[in-house]
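Beneath this line is the structure, given in structure tokens, with notes to follow.
For the numbers below, each heavy atom of this structure counts, side chains included, while hydrogens, waters and symmetry mates do not.
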Amino acid sequence: MGGKCPSRKVKKRRFSHKTARRDKFLLKGDDLVYDELQKSDTEKKPLPRDEDLPGMGQYYCLHCDRYFANATVRDEHFKTKRHKKRLKQMSGPAPHTQLDAELAAGMGMPDNGPALMSM
């Protein structure tokens, strides 16, 4: 009865799927990253040192909202397809915001029509 699964790839796929879902919620939204990119150089502050982040929080990719252990890993990340896709996405038009979603769903300001005359 039991025994090992003949295909070990199923287990690997299951674990990678879980980490992908968990990481999705830890990233900033597209609209927040876009706003950070639109700030001028005078408004941007140097990165503070944080012991809890990889590389003391000094090696950061603003477009992807990721921290790296050292500069070489960060530079390798700049060459990846995921980073290049994110650059292209952030250089285009502004992403949708929560306000856009609410207006599209009809949750904006109520339109009660013309005021009726009282008799």
Side-chain angles (χ1 to χ4, degrees):
M1 291 273 225
K4 292 186 178 178
C5 179
S7 174
R8 302 298 268 167
K9 294 178 183 176
V10 174
K11 189 173 183 182
K12 291 179 184 176
R13 186 175 346 132
R14 183 171 52 229
F15 285 126
S16 66
H17 173 70
K18 286 181 180 179
T19 50
R21 283 187 52 89
R22 186 176 354 165
D23 291 346
K24 181 170 77 170
F25 296 108
L26 297 176
L27 298 176
K28 287 183 187 173
D30 293 346
D31 52 340
L32 295 176
V33 172
Y34 187 81
D35 292 341
E36 285 288 324
L37 290 172
Q38 299 306 316
K39 288 184 180 178
S40 63
D41 292 334
T42 58
E43 296 175 11
K44 294 180 183 174
K45 300 175 184 173
L47 294 172
R49 289 190 170 271
D50 188 358
E51 294 179 4
D52 296 333
L53 295 173
M56 300 287 285
Q58 297 302 302
Y59 308 105
Y60 179 68
C61 175
L62 183 62
H63 301 95
C64 302
D65 186 42
R66 288 185 60 190
Y67 289 93
F68 298 96
N70 54 34
T72 56
V73 176
R74 184 191 61 196
D75 295 340
E76 287 296 319
H77 162 76
F78 290 155
K79 298 176 187 175
T80 61
K81 185 186 287 188
R82 176 180 282 174
H83 177 76
K84 290 176 183 176
K85 196 182 278 189
R86 186 79 171 174
L87 275 176
K88 187 175 180 182
Q89 180 184 15
M90 289 295 136
S91 65
H96 297 290
T97 61
Q98 183 64 32
L99 179 63
D100 296 338
E102 289 174 358
L103 291 174
M107 295 173 58
M109 296 298 292
D111 183 19
N112 298 329
L116 297 176
M117 293 175 47
S118 61
M119 291 191 177

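Of all heavy-atom pairs spanning Asp65 and Val33, the tightest one is CB-CG2, 4.5 Å. Here the closest heavy-atom approach between residue Asp100 and residue Pro95 is recorded as OD2-O, 4.5 Å. Leu47 and Gly57 get closest at one heavy-atom pair: CD1-O, 3.5 Å.
The distance from atom NZ of Lys85 to atom SG of Cys64, rounded to the nearest 0.5 Å, is 11.5 Å. From Thr97, atom OG1 reaches atom CD of Glu102 across 8.5 Å, with rounding to the nearest 0.5 Å. Here the straight-line distance linking atom CZ of Arg82 with atom CG of Leu87 works out to 13.5 Å at 0.5 Å rounding. To the nearest 0.5 Å, the span separating CG on Leu53 from CD on Gln58 amounts to 9.5 Å.
Pairs of residues two or more places apart, or lying in two chains, that qualify as ring pair (Phe, Tyr, Trp, His ring centres under 6.0 Å) and include a residue from residues 79-100 are His63-His83, His77-His83, Phe78-His83.
Residues forming a salt bridge (charged side-chain N to carboxylate O under 4.0 Å, His left out) with Lys79 (at least two apart in sequence, or on another chain): Glu76. Under the ring pair (Phe, Tyr, Trp, His ring centres under 6.0 Å) criterion, Tyr34 pairs with no residue, sequence neighbours left out. Thr72 pairs by the side-chain hydrogen bond (donor to acceptor under 3.5 Å, both in side chains) definition with Asn70, not counting sequence neighbours. Residues passing the side-chain hydrogen bond (donor to acceptor under 3.5 Å, both in side chains) test with Glu36, sequence neighbours excluded: Lys39.
Side-chain N or O atoms of Asp35 include none that pairs as donor or acceptor with a backbone N or O of Leu32 at under 3.5 Å.
As a member of the Ile/Leu/Val/Met/Phe/Trp/Tyr network built from side-chain separations under 4.5 Å, Tyr59 groups with Phe68, Val73.
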